[in-house]
Amino acid sequence: MSQHKNKENGNWYIRIYDPESKKSTTIRHNSFTNLPFKTKKEARDFENFYLKNRIDLSMCLDDLFSLYIEDHLSMQPSSSAYKMTSWYNNQIKPNLGKRKIISLTLKDLEDLSKRMLKQNYSINYINKMTSNVKTVLNYGVSHGYLDKNRLAEFKGLKNPKKSKDSKYWTPREFKTVIESVNDVYKGPQADRTYIKYMLTFGYLTGARKGEIRALRWIDIEMNESTGIIHFDHHINDKNELVIGRKNGDGYIFHMDSITLDLVKKIKAYFSSRAGFSETGYVFPSLTKEGFYQPIGDHTPTRWIETLARYNHLNNPTFHGLRTSNVCWLATEIGLTPYEVADRIGDTVEVVLRHYYSFFQENRKKVADKISGYNDTYLASLI
């Protein structure tokens, strides 16, 4: 490779000779900026970067994505990689897959967002797609296929939220939902008791759906007055039983009296059925025989959606039961962020980041209690 000056316009260019193909290629523009080389230094710097990283100026996003997924799966097979592949093939590949990675601009993500918005995709889903593109380009930078991620500064679409757009149910709302189960599910095939028990269990424990689906009776220890639950597994999006939880190691949940009473009722309800086993699932499949198949992934989600619609409430999704649990612990019971984090098996940082508003409400209650305490001595000091 060498740099040469164009005597007609004063710009510089680079000439590359490939000894294998015995062909020469001329590079007249910086592939990242699409600008000509104004000085010899600019041409030399680009040449050095090219040699150091062996960049492929023709690499398209499809090629880089394939490398990313291949590396990702070789390190640790996960459902997230398969899910990301599905998203990529459905949304990103048709629009940007054949584009050279060195030529992608912020406008490309803006156009992708606008296109999906016109197709009535949710803002959260659209932002997830653009974030996936940025993730793949970050991989390109870290592995020498790009000098920098020029889409790193892209800001996703804003999703304005209204006060009524709650993602949780208050205890009063949840009680209304549970009381409506008999009215909503009237058919002979509907197991109304099962529905009430599983949703209530999710509300009282704040456990994720995958953790609840993976729960077996051997994971629960209890006696007359106390009990603990070992959340040591979860079922992922590919319906595979995985050791640990979605965000890390397992944890121990100490049951309060209400949860303990509920778990005892659940066990009594199922233990009278043929095929019940201590090694079976706590919440077994509704369609398959025996207790060795967990309830389907979408069934509890459909229950939440149907009951929310019937009661004219916002649909919090099944994960909203976890949020509802935190709301109850923070605003009704008054637990601190540290106590809540320990209760649901999360870090304080995550709890404060996702549920900050609940603790703000609790702080106001504390201030009101202090204001209501009439201490004449302290008041006299002011």
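The residues of the chain are indexed from 1 along the displayed sequence.
Every residue two or more places apart in sequence or in another chain was checked for a side chain to side chain donor-acceptor pair (under 3.5 Å) with Lys128, and none qualifies. When the side chain to side chain contact (heavy atoms under 4.5 Å, CB included) test is applied to His4, the partners found at least two apart in sequence or on another chain are Ser2, Tyr13, Arg15. Considering only residues two or more places apart in sequence or on other chains, His254 meets the side chain to side chain donor-acceptor pair (under 3.5 Å) condition with none of them. Partners of Lys107 by side chain to side chain contact (heavy atoms under 4.5 Å, CB included), not counting sequence neighbours, listed by chain and number: Thr105, Glu110, Asp111.
Separation of atoms CG (Leu313) and OG1 (Thr170) is listed at 8.5 Å; rounding is to 0.5 Å. Once rounded to the nearest 0.5 Å, the distance linking OG of Ser225 with CG of Asn223 reads 4.5 Å. Note: Ser324 OG to Leu199 CG = 11.0 Å, rounded to the nearest 0.5 Å. Separating the CG atom in Asn11 from the NZ atom in Lys7 is a distance of 15.0 Å, to the nearest 0.5 Å. With rounding to the nearest 0.5 angstrom, the CD1 atom of Ile220 is 10.0 Å from the CG atom of Leu260. The distance from the CG atom of Asp62 to the CG atom of Leu96 is 9.5 Å, given to the nearest 0.5 Å.
For the pair Arg216 and Tyr281, the cation-pi criterion (under 6.0 Å, within 45° of the ring axis) is fulfilled. By the 6.0 Å and 45° rule, Lys267 stacks over the aromatic ring of Trp217.
The minimum heavy-atom distance between His234 and Gly244, with the atom names listed, is ND1-O, 2.8 Å. Here the closest non-hydrogen pair linking Val351 and Pro337 is CG1-O, 4.2 Å. Across all non-hydrogen atoms, the minimal contact from Pro300 to Ile295 is CG-CD1, 4.2 Å.
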**OP:** Please test Thr135 against Tyr68 for side-chain hydrogen bond (donor to acceptor under 3.5 Å, both in side chains), starting from the C-alpha separation and ending with a verdict.
**Re:** CA-CA 9 Å; Thr135 297; Tyr68 168 79; 5.6 Å; no
Subject >> Audit row: Ser285, Tyr292, side-chain hydrogen bond (donor to acceptor under 3.5 Å, both in side chains) steps and yes/no >> reply: CA-CA 8 Å; Ser285 170; Tyr292 289 95; over 6 Å; no
**OP:** Please assess Lys40 against Glu42 for the test side chain to side chain contact (heavy atoms under 4.5 Å, CB included), listing each intermediate value before the final yes or no.
**Re:** CA-CA 5 Å; Lys40 184 176 183 179; Glu42 289 179 9; over 6 Å; no
Original post:
Could you walk me through whether Met255 and Phe253 pass the side chain to side chain contact (heavy atoms under 4.5 Å, CB included) check?
Top reply: CA-CA 6 Å; Met255 287 187 274; Phe253 180 92; 4.1 Å; yes
**OP:** Could you go through the side chain to side chain contact (heavy atoms under 4.5 Å, CB included) check for Asn9 and Asn6 one step at a time?
**Re:** CA-CA 6 Å; Asn9 56 27; Asn6 187 322; 3.2 Å; yes
**OP:** In sequence, state the C-alpha distance, the side-chain angles, and the governing distance for Arg273 and Asp191, and then conclude on salt bridge (charged side-chain N to carboxylate O under 4.0 Å, His left out).
**Re:** CA-CA 13 Å; Arg273 298 187 180 186; Asp191 195 331; 2.9 Å; yes
**OP:** Applying side chain to side chain contact (heavy atoms under 4.5 Å, CB included), run through Ile229 and Ile252 and close with a yes or a no.
**Re:** CA-CA 6 Å; Ile229 302 173; Ile252 294 176; over 6 Å; no
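Within 6.0 Å of NZ in Lys264 there are more than 12 heavy atoms belonging to other residues, nucleotides or ligands. Within a 6.0 Å radius of CD in Glu224, no more than 12 heavy atoms belonging to other residues, nucleotides or ligands are found.
Counting only distance, with no hydrogens or angles, the side chain of Arg192 and the backbone of Tyr185 share a donor-acceptor pair below 3.5 Å. Lys209 places a side-chain N or O within donor-acceptor distance of the main-chain N or O of Asp297, the cut-off being under 3.5 Å. Although no hydrogens or angles enter the test, the distance criterion places no donor-acceptor pair under 3.5 Å between the side chain of Ser131 and the main chain of Asn127. Listed for the Thr176 side chain is a donor-acceptor partner under 3.5 Å among the backbone atoms of Arg172. Looking only at distances, a side-chain donor or acceptor of Asn236 sits under 3.5 Å from a matching main-chain atom of Glu240. Checked by atom type and distance alone, the side chain of Asn89 pairs as donor or acceptor with a backbone atom of Thr85 at under 3.5 Å. The backbone N or O of Ile344 sits less than 3.5 Å from a side-chain atom of Arg322, completing a donor-acceptor pair. Distance alone, capped at 3.5 Å, places no donor-acceptor pair between the Asn138 side chain and the Asn149 backbone. A donor-acceptor pair under 3.5 Å is formed between the side chain of Ser180 and the backbone N or O of Val177. Judged by distance alone, with hydrogens and angles left aside, the side-chain atoms of Glu211 form no donor-acceptor pair with the main-chain N or O of Ala207 at under 3.5 Å.
A ring-ring contact (aromatic ring centres under 6.0 Å, His included) check over residues 88-123, counting only residues at least two apart or in different chains, returns the pairs Phe65-Tyr88, Tyr121-Tyr125. Within the structure, side-chain hydrogen bond (donor to acceptor under 3.5 Å, both in side chains) pairs that include any residue of residues 195-206 comprise Asn182-Lys196 (at least two apart or interchain).
A chain of hydrophobic side-chain contacts below 4.5 Å, direct or via other Ile, Leu, Val, Met, Phe, Trp or Tyr residues, connects Leu61 to Ile126. Under the 4.5 Å side-chain heavy-atom criterion for ILVMFWY residues, no single connected hydrophobic cluster contains both Phe283 and Val242. Linking Ile, Leu, Val, Met, Phe, Trp and Tyr whenever their side-chain heavy atoms come within less than 4.5 Å puts Leu329 and Trp169 in one cluster. Under a hydrophobic-cluster definition in which Ile, Leu, Val, Met, Phe, Trp and Tyr are linked whenever side-chain heavy atoms come within less than 4.5 Å, directly or via other members, Val263 and Ile228 are assigned to different clusters. Following chains of ILVMFWY side-chain contacts shorter than 4.5 Å, one cannot reach Leu215 starting from Ile218, and the two form parts of different hydrophobic clusters.
Contact of the Leu321 side chain with the Phe201 side chain is not registered, since no non-hydrogen atoms from C-beta on lie closer than 4.5 Å. Using a 4.5 Å heavy-atom threshold, the side chains of Pro316 and Ile304 count as touching. Proximity of Met116 to Leu112: side-chain heavy atoms (C-beta onward) are separated by under 4.5 Å at one or more points. Taking the side chain as every heavy atom from C-beta outward, Asp346 and Val340 never approach each other to under 4.5 Å. Put simply, the side chain of Asp232 does not reach to within 4.5 Å of the side chain of Ile243, judged on heavy atoms. Inter-residue side-chain proximity for Ile178 and Ile195 is flagged as unmet; no heavy-atom pair is nearer than 4.5 Å. Side-chain contact between Asn132 and Trp87 is present, with heavy atoms from C-beta onward closer than 4.5 Å. At least one side-chain heavy atom of Leu204 sits less than 4.5 Å from a side-chain heavy atom of Trp328.
Asp256 and Thr259 share a donor-acceptor pair across their side chains, judged by distance under 3.5 Å alone. Side-chain contact check for Asn315 and Arg309: no donor-acceptor pair (N or O, by modelled atom type) lies under 3.5 Å.
Classification of Glu339 and Arg343 as a salt-bridged pair fails, no side-chain N sitting under 4.0 Å from a carboxylate O.
Ring orientation note: the planes of Phe270 and Phe291 are nearly perpendicular, at an angle over 60° on the 30°/60° scale.
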